[in-house]
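Okay, so here's the structure we're looking at.
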Amino acid sequence: MSGSNLPRTYDAKGAEERFYPWWEENGFFQGDPEGEGEPYSIVIPPPNVTGSLHMGHALNNAIQDFLIRYKRMDGYNAVWIPGTDHAGIATQWVVERQLREQGLDRRDMGREAFLERVWAWKEESGSVITHQLRSLGVSCDWSRERFTMDEGLSAAVRHVFVKLYESGLIYRGTRMINWDPVGQTVLSDLEVEHEENYQGEMWSFAYPLAEGGGEIVVATTRPETMLGDTAVAVHPDDPRYVDLVGKMVRHPLLDREFPIVADAELVDPEFGTGAVKVTPAHDPNDFGVGKRHDLPFLTVLDDQARVNELGGRFEGLDRYEARTAVKEAMAELGLDRGTEPHLMSVGRSQRSGAIVEPMISTQWFVKMGPLAEPAIEAVENGETKFIPERWENTYFAWMRDIRDWCISRQLWWGHQIPAWYCDDCDAVTVAMEDPTACSACGSASIRRDEDVLDTWFSSALWPFSTLGWPSNTPELSKWYPTAVLVTGFDIIFFWVARMLFSGIHHMGGVPFADVFIHGLVRDTNGEKMSKTKGNVVDPLKTIEAHGCDAFRFTLAQYATQGRDILWDDNRVEVNSRFINKIWQAFRFADMNLEDFQPGNDVELGAYDRWILVRTGEAVRRVREAMDGHRFNEVATEIHAFVVGEFCDWYIEFSKQAIYGDGPERGAAQQTLVEVLAAIARLIHPVMPFLSEEIWQQLPDSAKGGVESVMMAPYPKASDFPEDPELLAAVAPVQESIGALRKLKADMGLAPRLGISVLVDGEVSTALMAHEGALAHLAGVERLEPLRGEEPANCATLPVSGGRLVIPLDGLVDIDAERARLTSEIEKTSKDVNDLEKRLSNEGFVARAPAQVVDGFRVKLAGATEKLDKYKAALKEIS
RNA sequence: AGGCAUGUAGCUCAGUGGGAGAGCACCGUCCUGACACGGCGGGGGUCGGCGGUUCAAGUCCGCCCAUGCCUACCA
């Protein structure tokens, strides 16, 4: 009589394969800058073009998809711009490694051939990650996909460089920089990772005084740098060294002499001997000393950190070989004053892992002061808000103490710096179009700067370069500024801060209203996932095994604001069962709809109206959570509503009507369809595929002619009725069913055992009206009002506004009921005592809000009534 | 050294001054016409510690302990 053609278990993979291409081909992801609605735009944090999808991407992009799908359904003019990053160092590194495996070196190939090779690799692997992203179900507008090195974005980069150069915000300067001797490029401060508790050594040695007859002992963690020493510094007030200041020491390994200087800034007289060796060209502090005392800056290491010609007989040694050799040589001279183990911190290249060498070098810099200031103000005055807010402190701390940004890199893959040097007059020409002559002297003998820009230089422009800037496009005027940037805390400095000052400077306003910062995905033990540790969870494998929606729902559950995630893949499997449960609920409706006649003006039953009221409440809670970006709460509310209200109660209630053939059947059908249509839309941002599958199978009447759920309006609480009285009327039914089920469990009775129930008290009338539900859900075979004396051997269940009396003859020993009542009395007494104690507190009654006090009085009344009923029942059977 | 965060059930975590919650795990029970990938019922907590504010503190304040992260030029 009823049936369904739907599969018995939900086919997640089938839905994914059918709907994603359908959505994309029909242009459902595409934004229209000329279209209706308030703008809501997001730009994707562009993944490395040759990278592959990991859990961090999955979390990041799932969150963006939750938001964009929600807003799109809610009537906004929504667009999500995808794209990829050329990832300068990372990509060049990968290709160089490929070359090395073939015995090739990029220097032998030359720049042009090498770049061809990188482009080929980009073409080969560049679509991998964007296709992996599609497996996540993300609704990016792929027709607007961009790449940081495509024509338009390269033009934006060049435009910015020229503009900043002309206004003096980009300059070329000679500074102490971080040098990666393995990658052989300069790095910004951010690309240096500090490793604490590195086990090093503190080596002390003596510099002999040039005049003879004395020495001064200094200590260092880097013996090889003594080859570049050009001073010894002491504190000006240190009595031990007052007489030595101004005297010369002799370099025992090189034919040089240099002075002892007094420097209060560098030297702490309490530390060590109070005398410090000074290497102005290989230490950031000593660099300052060199400037202050006008010392020579002797660079003694080459770009591979090998000792150069200034190192005398140590020339050609690598810095660590030189370290040993210098110590040995000094020991032979009797100048070694001992070595002690020393814990220190070292800076390593983020990419190569090499210990970074401080070097003096001429590089390009962005002058940060004037750019940082308005970017700080914008966050201070709330134009851009961080969520959670505490990240603003991190942002402020860095921005207020910011140093100029070194933007040149000695790489080939990237945006080549548009600067030309003149052989004849040394002038620099920076121009939008490639120049043929020096802008100063007109000489045709000009050479282009070989270096490229830091990858983050182009990323900084992403929120407007992807919208067509510097052209004045419709996209730019509609979608800039973007609504929200979703990213991890690890790139607040690298990227978020730089987008902020870039947007403000070039566009005249912040690039995004909100910055949503999520945590890191770690393994079950809280360890960072890494290939070397072998604890990486592959999101694609998880999706393959359990389905995209289960995976996304799990991400939503985990996405508590600001906390790292300890990923347990098992949860995805658990959630796939929840997905299937929603499917089963839909199947229940579907297999009972063959005679459904939509549009009939059926009168809804109490349970129908009840679930509609409940649905409205759930919609309100889900919306609130979504608006607050509390995705874990979104997941919780969806689960609580679908399982706890719709499945556990409404579907069970509705069976009485559905299995009959009266008009209530039509009303239940109508309600099932309506609620399922709401559920499909409600869950869509998190579970796009299941929701579409349900939507496609629902009767047309429920869909308002909308062909895809992703284009349907997100449910509003106001679509549903409010009815507190109805909720109050159904509550005792649920309470009674619960109490009867528990009684059976406590007494060891079979759950489906038919029982008789006598109802007593003011609630009787209400319960008598729900006889069917009590029969169906609690096995009540006979329900009637208690008249006169209650029979002997009964169990008593207090419920709000009355009690249920269940004759136990032939069911269970009366002792069991006596024990049960005694236990309940004990519990309830404690409850009553606690409440009485609270209410007898005069301060509480006098000072707490009346509403709160009344609330507790009602609870006390209820508990007391319950206690009295238990006591009376016990007395009755004793 | 400074800063930020975290500490709640066996595990992972919600919790917005008003009687401590969820999922998983655990125990008991039921294959009832959506779902055993399930239903029903249950046990389990000194909310890291000490003090303070308040009628009332997991929640606000202070100190301490533990853990994690970020920033920093300590020879």
Side-chain angles (χ1 to χ4, degrees), chain A residues 1-2 4 6 8-10 176 189 194 202 204 218-222 225 233 266-268 271-279 283-288 342 344-345 347 358 388 390-391 393-394 397-398 401 489-490 492-493 520 524 526 557-558 560 562-568 570-571 573-592 630 632-633 635-636 639-640 647-648 651-652 655 658-659 737-738 741-746 748-752 776-779 831 834-835 838 841-849 851-853 855-856 859 863:
Chain A
M1 112 165 217
S2 65
S4 170
L6 300 175
R8 284 189 63 83
T9 54
Y10 174 60
M176 176 144 282
D189 297 335
H194 296 274
M202 180 71 84
S204 300
V218 296
T220 182
T221 55
R222 304 198 48 204
T225 61
L266 177 76
V267 182
D268 171 9
F271 191 94
T273 61
V276 188
K277 65 186 276 301
V278 179
T279 321
D283 183 280
N285 292 315
D286 296 3
F287 182 78
H342 181 73
M344 49 192 274
S345 78
R390 64 186 150 83
W391 290 109
N393 294 326
T394 308
W398 189 69
D401 192 30
F489 58 81
D490 48 334
I492 289 178
F493 304 146
L520 227 58
T524 324
Q557 285 182 319
Y558 269 126
T560 302
R563 281 184 72 138
D564 284 355
I565 291 167
L566 272 56
W567 186 263
D568 181 356
N570 185 247
R571 260 168 93 149
E573 189 190 332
V574 169
N575 286 329
S576 73
R577 289 188 219 133
F578 171 48
I579 302 285
N580 185 56
K581 181 152 178 108
I582 303 176
W583 176 248
Q584 297 304 334
F586 173 65
R587 268 184 79 233
F588 167 75
D590 184 73
M591 58 178 56
N592 290 291
R630 297 185 302 271
N632 61 316
E633 214 173 296
T636 303
H639 188 271
C647 293
D648 288 352
I651 287 184
E652 295 306 326
K655 282 175 181 172
I658 283 290
Y659 294 146
I737 290 167
R741 284 168 171 173
K742 181 161 158 48
L743 177 77
K744 287 184 177 175
D746 286 348
L749 298 171
R752 303 183 65 199
H776 182 68
L777 299 179
D831 199 18
D834 288 351
L835 289 161
R838 177 179 292 260
N841 181 337
E842 284 172 32
F844 172 68
V845 177
R847 301 217 190 178
Q851 209 185 337
V852 173
V853 177
F856 279 101
K859 282 171 186 166

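Each chain gets a letter, A, B and so on, in the order its sequence line appears, and its residues count up from 1.
Base contact: A/Ile651 has a heavy atom under 4.0 Å from a base atom. Among the heavy atoms of the strands lying under 4.0 Å from A/Lys655 is at least one base atom, whether or not backbone atoms are also near. If you check every strand for non-hydrogen atoms under 4.0 Å, A/Leu266 touches a base. At the heavy-atom level, A/Asp401 lies nowhere under 4.0 Å from the strands shown. Using a 4.0 Å heavy-atom distance criterion, A/Ala397 is classed as making no nucleic acid contact. Nucleic acid contact for A/Asp568: none, since no nucleic acid atom lies under 4.0 Å from a heavy atom of the residue. As judged by a 4.0 angstrom heavy-atom cut-off over every strand, A/Ala585 is placed among the base-contacting residues. If you check every strand for non-hydrogen atoms under 4.0 Å, A/Pro358 touches nothing. Residue-level contact check: A/Lys581 touches the bases, meaning some heavy atom is under 4.0 Å from a base atom.
Without hydrogens or angle criteria, A/Asn580 side chain to A/Tyr10 main chain gives a donor-acceptor distance under 3.5 Å. Proximity of a side-chain donor or acceptor of A/Asn575 to a complementary backbone N or O of A/Arg571 within less than 3.5 Å is detected. In this structure, the side chain of A/Lys744 does not engage the main chain of A/Leu749 through any donor-acceptor pair within 3.5 Å. The backbone N or O of A/Asp831 lies less than 3.5 Å from no partner atom in the side chain of A/Lys859, so there is not a single donor-acceptor pair.
Taking atom C1' on both nucleotides, B/G18 is separated from B/A57 by 10 Å, rounded to a whole Å. Nucleotides B/G58 and B/A20 have their C1' atoms positioned 8 Å apart, rounded to a whole Å. To the nearest whole angstrom, the two P atoms, one in B/A9 and one in B/G44, are 15 Å apart. If you take atom C1' in B/G15 and the same atom in B/A22, they sit 10 Å apart, rounded to whole Å. B/C40 sits 35 Å from B/U59 when the C1' atoms are compared, rounded to a whole Å. Only the C1' atoms considered, B/C31 is 12 Å distant from B/C35, to the nearest whole Å. If you take atom C1' in B/A66 and the same atom in B/C27, they sit 34 Å apart, rounded to whole Å. Separating the P atom of B/G23 from that of B/G38 is a span of 13 Å, rounded to the nearest Å.
Residue A/Leu835 places its side chain closer to B/G19 than to any other of B/A5, B/G19, B/C73. When each of B/G41, B/G38, B/A75 is scored by its nearest atom to the side-chain atoms of A/Ala745, the top-ranked nucleotide is B/G41. Looking at the side chain of A/Val574, the nearest of the listed nucleotides B/C24, B/A75, B/C73 is B/C24. Checking B/G18, B/C35, B/C30 against every side-chain atom of A/Pro751, the shortest atom distance belongs to B/C30. The side chain of A/Asn580 approaches B/C35 more closely than any other nucleotide in the set B/G42, B/C40, B/C35. Closest to the A/Arg8 side chain, of the nucleotides B/G41, B/C73, B/A36, is B/A36. With B/G18, B/C13, B/C35 as the choices, the nucleotide that has an atom nearest any side-chain atom of A/Phe856 turns out to be B/G18. Distances were taken from every side-chain heavy atom of A/Arg752 (C-beta onward) to each of B/U32, B/U71, B/G18; the shortest belongs to B/U32. Out of B/G19, B/C69, B/G39, the shortest distance to the side chain of A/Asp834 is found at B/G19. For A/Met344, whose side chain is taken as the heavy atoms from C-beta onward, the closest listed nucleotide among B/C35, B/U29, B/A75 is B/A75.
Summarising the geometry, atom CZ belonging to A/Phe586 is positioned 10.5 Å from atom CE belonging to A/Met591; distances are rounded to the nearest 0.5 Å. Distance check: A/Ile651 CD1 to A/Asn592 CG gives 10.0 Å after rounding to the nearest 0.5 Å. For the atom pair CZ of A/Arg587 and CZ of A/Arg8, the computed distance is 5.0 Å after rounding to the nearest 0.5 Å. Atoms CE and OG1, on A/Met202 and A/Thr221 in that order, are 6.0 Å from each other to the nearest 0.5 Å.
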Contact list (N/O, under 3.5 angstrom) for nucleotides 14-16 of chain B vs protein:
| residue | atom | partner | partner atom | Å |
| --- | --- | --- | --- | --- |
| B/A14 | OP1 | A/Arg563 | NE | 3.1 |
| B/A14 | OP2 | A/Arg563 | NH1 | 2.6 |

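Note on ring orientation: taking the six-membered ring where Trp is involved, the planes of A/Phe856 and A/Phe844 are perpendicular (angle over 60°, cut-offs 30° and 60°). Using bins of under 30°, 30° to 60° and over 60° for the plane-to-plane angle, the ring pair A/Trp398/A/Phe493 lands in the parallel bin.
One can place CH2 of A/Trp398 at 21 Å from P of B/G3, the figure rounded to the nearest angstrom. Going from atom CG of A/Leu6 over to atom C1' of B/C35 covers 13 Å, rounded to whole Å. Taking atom CG of residue A/Leu566 and atom C1' of nucleotide B/G68, one finds them 11 Å apart after rounding to whole Å. Rounded to an integer number of Å, the gap from A/Lys744 NZ to B/U29 C1' is 13 Å. Note: CD1 (A/Ile565) to P (B/C13) measures 10 Å, nearest angstrom. Summarising the geometry, the separation between CZ on A/Arg571 and C1' on B/G23 is reported as 6 Å, rounded to the nearest angstrom. Rounded to whole Å, the distance from CD1 on A/Ile658 to P on B/G33 is 16 Å. Regarding A/Glu652, its CD atom lies at a distance of 11 Å from the C1' atom of B/G38, rounded to whole Å.
Looking at A/Ile492 and A/Trp391, their side chains come closer than 4.5 Å, going by heavy atoms from C-beta outward.
Heavy-atom distances to RNA chain B give each of A/Thr524 and A/Asn575 a nearest nucleotide, and the one nearer the 5′ end belongs to A/Thr524. When each of A/Phe586 and A/Asp564 is assigned the nucleotide of RNA chain B with its nearest heavy atom, A/Asp564 is the one assigned upstream, toward the 5' end.
Between B/G18 and A/Lys859, no contact under 4.0 Å exists linking OP1 or OP2 to a side-chain N or O. At the phosphate of B/U32, neither OP1 nor OP2 sits under 4.0 Å from any side-chain N or O atom of A/His776. Here A/His342 reaches the OP1 or OP2 of B/A75: one of its side-chain N or O atoms lies under 4.0 Å away.
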Audit row: A/Thr225, A/Asp283, side-chain contact (heavy atoms from CB on, under 4.5 Å) steps and yes/no
CA-CA 9 Å; A/Thr225 61; A/Asp283 183 280; over 6 Å; no
Could you please spell out the steps behind the side-chain contact (heavy atoms from CB on, under 4.5 Å) verdict for A/Thr9 and A/Trp583?
CA-CA 7 Å; A/Thr9 54; A/Trp583 176 248; 5.6 Å; no
Reading RNA chain B 5' to 3', how would its secondary structure be written in dot-bracket notation, given Watson-Crick and G-U pairs with both distances under 3.5 Å, brackets [ ] for crossing pairs and | for partners on other strands?
(((((((..((((....[..)))).(((((.......))))).....(((((..]....))))))))))))....
